Structure formats: C-alpha cells, structure tokens
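Structure, as structure tokens:
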There are 2 protein chains.
Amino acid sequence: MASGTIAFESHHDHNQCIEQAMDEARSLCKARNQRLTPIRELVLKLVWQSHKPLGAYEILPALAEAGFNSAPPTVYRALDFLQEQGLVHRIALLNAFIGCPHPGKSHHGCFLICRHCNTAVEADSRDAEALISQQASKLGFTTEQQSIEVLGCCPNCREHAEE
Amino acid sequence: MASGTIAFESHHDHNQCIEQAMDEARSLCKARNQRLTPIRELVLKLVWQSHKPLGAYEILPALAEAGFNSAPPTVYRALDFLQEQGLVHRIALLNAFIGCPHPGKSHHGCFLICRHCNTAVEADSRDAEALISQQASKLGFTTEQQSIEVLGCCPNCREHAEE
DNA sequence: TTTTGATTTGTTATAGTATAACGGAACATT
DNA sequence: AATGTTCCGTTATACTATAACAAATCAAAA
Ligand SMILES: [Zn+2]
Ligand SMILES: [Zn+2]
Ligand SMILES: [Zn+2]
Ligand SMILES: [Zn+2]
C-alpha cells in the first residue's frame, strides 16, 4: 500500500499529502468528539510540511508567526493531543515528530529513516511485531507497545549518491 | 540462551552478572588494544549495578564519590566509548543505558522493557530484523541499523500484580 | 631516556529536549 | 446566566547532551 511509501517518490504531489492528512484529522476528531483546535490543527499542518521528522522546537517559531503563544508547553500539548489521537508519531531516535499517513486504522508501523535526506516512512511491521511478541512471550514477557526504528538509505539517496 | 533472560529471574546471583561483564569487557578491550581506563571501568560497573537502564546523570554522583571529576562530558565520553566497544547499549525510549550481556559477538538484539519494575532484557531479534530489512528492501530502502524496543510487563511483575 | 604525538581527562559554558505549576480564557452544558 | 470542564498563556525549571579548549596522561619513537 503506497500511502506510506509515497514519501520515497521524490516528485509526488505533497500538497495532496497535506490536504488528505488534514481532512482525515478533521473527520477523525469530529467522529471521536475531540476538539481539533486552531493550534492543534496548525501544529499538525506544520508537521506535515514534509516527510522529515520535525523537532518540537522547530515548530515554535511558526506558531509565533501565526500569532499564537509560542512557549514549549504550547507545542508539546498539541503534540501530546495529536499523538493520543494517533495523528502523529514520535521518533525516539531523533526526538522528533512525524505525521501518521493512515490514522484511525489501528496499525503496526515501523519507521524507515534515511540518514542522508532525513525522510522517514512508516512501513507496515505487523509480521515483525507478531514475531517479536511471540518470542517475548516465550520469556514470559507481555508486549504492550513496540517501537521499531530503522536507519539506512532511501532509494532516492542511493540513486543520487552511488558509492 | 539464558545470558540475556537471566534478568527476569528475580533471585539470580547478580554479582556474577557483574563479574562476568567486567571480565569480558577487560579481555575484549585487551584483545582490541583499547584502553579500559578507570573511569570507563567504573561507569561500566555502575551501569551493571542492575538490569534497569541507567540515566547518564544517575552515574555522575557515583563518579564524584569515587573521586573523579563529575561533569557530564566525563560520563558521556565513557558511555560513548563503551557503546563503540559494544559493551553498553542506549535505550532511546528511556534516554538510558544498559550493559550488553554478550558483547563481542555481533548480535541483533531488541529490548524488552518492563513498565512496572523497569527491568530491561536484551533478547535476540535476528529473525525479526531480517524480516524488516527484507520488507524495507522491497521499498528500495537499505537498512543499516535497527532499534527495536518493546514496552510491556515482565514475568515477575505479572505474577506479583495479577489484575 | 627523553622527546614527541596521540589519547584521555578536567573544566566551563551552552545547546537541546521536555515538564511542572498555576491562573485565566474559552467552551459546552445546564 | 451559571457552572464545570477543557484548553491556553506564562513563568520557571528539570532533564539530556555536546562544544570548545586547556591540562594531564600515555605509548611509541628517537
Ligand atoms: Zn508527501
Ligand atoms: Zn534519502
Ligand atoms: Zn544480573
Ligand atoms: Zn517487571
């Protein structure tokens, strides 16, 4: 399914990525009776400006420009909300946030992060997660949440920088 | 291979864990012609005081007590060295460090982290990593490094806190 | 053994990431 | 309009990590 991997297509119509993400967010929040306030909506849009994970402190100036208060709690609150709603994910290796390309659907994703261009793609990891949970249960461990993050080289960067 | 899973056995002889880790560290560094200086050795020993990941700033006071300088760079340098030598790992979800139970052997490990007691175990994840790399390559992505971290409940805590 | 160059450590300062706490504003309902 | 809840503004602070440079130590060569 391309909804995640489109990020590796360097000339895709990214405006459509953004619009789709915002539309889905609005309808999801409406359905859940959650408030996608102006700040939250703006933060989500900013996170979706690219497929590169964005640090919380990179969001602050844009909030200020838009006339909002711009202190760390503001952006972290918005990010917390968006994470709770499954609209963005946090990438632990980068201390950064990225939009989820298919929110709503309960999914098991891993992140493929390009070391060169920084693009991150959420790929399906259902099978791998099942395997890990199964191995863990053999040790008596009950899995509740998994974080799979992969560093490497994306197809674009491989092509442009043959070594 | 119990070397990793022994951490889930609540009454194991942990002194032996420590001694073995220190012995392996010494011989590995000797073999590689790397200097396991007093600071590095102490930091490693401190990390091995338990099977719970330890924050860098939790190490500092102990360094001070031992008469060493105790500013952040000191401990981070030691941790960097130990990571390069594969003697400790960093857990991104926790910003914390844990001793590797089988250094030297090139291995692919994931961390099973108990939400209740904080114990973390390094389990083999060769198969899962292979699966992920394979899926990633279908998207044109070349894997270089993986980070798999699992949150959940360990056997001891499950037993003691039946819900 | 002395010199020399490389590695390690001490030290100060600062960057980067995230949360606590509390009061006030906006919202949704009664 | 009154009320309780959620959200936001604001200040302060905690936590995590690195930059930069000088001093000390080490290891091998001269
Ligand atoms: Zn896009
Ligand atoms: Zn790339
Ligand atoms: Zn032990
Ligand atoms: Zn536990």
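Quick caveat, the model's predicted, so the values are computed rather than measured. Proteins get letters first, then strands, A, B, ... in listed order; numbering begins at 1 in each.
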Worksheet item: Atom CZ of A:F68 to atom P of D:dG9: distance rounded to whole Å?
Response: 8 Å
Fill in: DNA chain C: 5'-most and 3'-most nucleotides touching chain A, 4.0 angstrom heavy-atom criterion
C:dT17 to C:dC27
Worksheet item: Could you state the CG-C1' distance from A:L79 to D:dC8, rounded to the nearest angstrom?
Response: 15 Å
Discussion item. Of the options D:dC8, D:dT18, D:dT11, whose atoms approach the side-chain atoms of A:T37 most closely?
Written reply: D:dC8
Compile the donor-acceptor pairs under 3.5 Å between side chains in residues 23-33 of chain A and protein atoms, sequence neighbours left out, one pair per line.
from  : atom 1 : to    : atom 2 : distance (Å)
A:D23 : OD1    : A:R26 : NH2    : 3.2
A:E24 : OE2    : A:Q20 : NE2    : 3.1
A:R26 : NH1    : A:E41 : OE2    : 2.5
A:S27 : OG     : A:D23 : O      : 3.3
A:S27 : OG     : A:E24 : O      : 3.2
A:R32 : NH1    : A:Q85 : O      : 2.9
A:R32 : NH1    : A:Q85 : OE1    : 3.0

Worksheet item: For D:dC7, does either OP1 or OP2 sit under 4.0 Å from a side-chain N or O belonging to A:R40?
Response: yes
Fill in: Spacing between B:Q83 atom CD and D:dA17 atom P, to the nearest angstrom
9 Å
Discussion item. In whole Å, I'd like the distance from the CG atom of A:L93 to the C1' atom of D:dA17.
Written reply: 15 Å
Item to complete: Could you state the atom-to-atom distance from CG of B:L54 to P of D:dA17 in whole Å?
Response: 12 Å
Worksheet entry | Main-chain N/O of B:E9 paired with B:N156 side-chain donor or acceptor, under 3.5 Å | no
Worksheet item: Between A:D80 and B:R77, which is nearer to the 5' end of DNA chain C once each is assigned its nearest nucleotide?
Response: B:R77
Practice prompt. Would you indicate what B:N95 reaches in the nucleic acid, counting non-hydrogen atoms under 4.0 angstrom: base, sugar-phosphate, or nothing?
Written response: sugar-phosphate
Item to complete: Report yes if at least one side-chain N or O of B:Y57 is closer than 4.0 Å to OP1 or OP2 of D:dT16; otherwise report no.
Response: no
Worksheet entry | B:T143-B:E129 side chain donor-acceptor pair, cut-off 3.5 Å | no
Response to the item:
Contacts of A:R35 and B:R90 projected onto DNA chain D by closest heavy atom; the upstream (5') one is A:R35
Item to complete: State plainly whether one hydrophobic cluster holds both B:F97 and B:V43, where clusters connect Ile, Leu, Val, Met, Phe, Trp and Tyr through side-chain heavy atoms under 4.5 angstrom apart.
Response: yes
Discussion item. Rounded at 0.5 Å granularity, tell me how far OG1 in B:T119 sits from CD1 in B:I98.
Written reply: 8.0 Å
Discussion item. For residues 55-89 of chain A, which residue pairs pass the ring pair (Phe, Tyr, Trp, His ring centres under 6.0 Å) check, not counting sequence neighbours?
Written reply: A:H89-A:H107, A:H89-A:F111
Worksheet entry | Earlier contact from the 5' end, DNA chain D, for B:P73 and B:N33 | B:P73
Worksheet item: Expressed in angstrom and rounded to an integer, what is the separation of A:L60 atom CG from D:dT11 atom P?
Response: 15 Å
Worksheet entry | Rounded distance [0.5 Å steps], CG in A:L63 versus CG in A:L42 | 5.5 Å
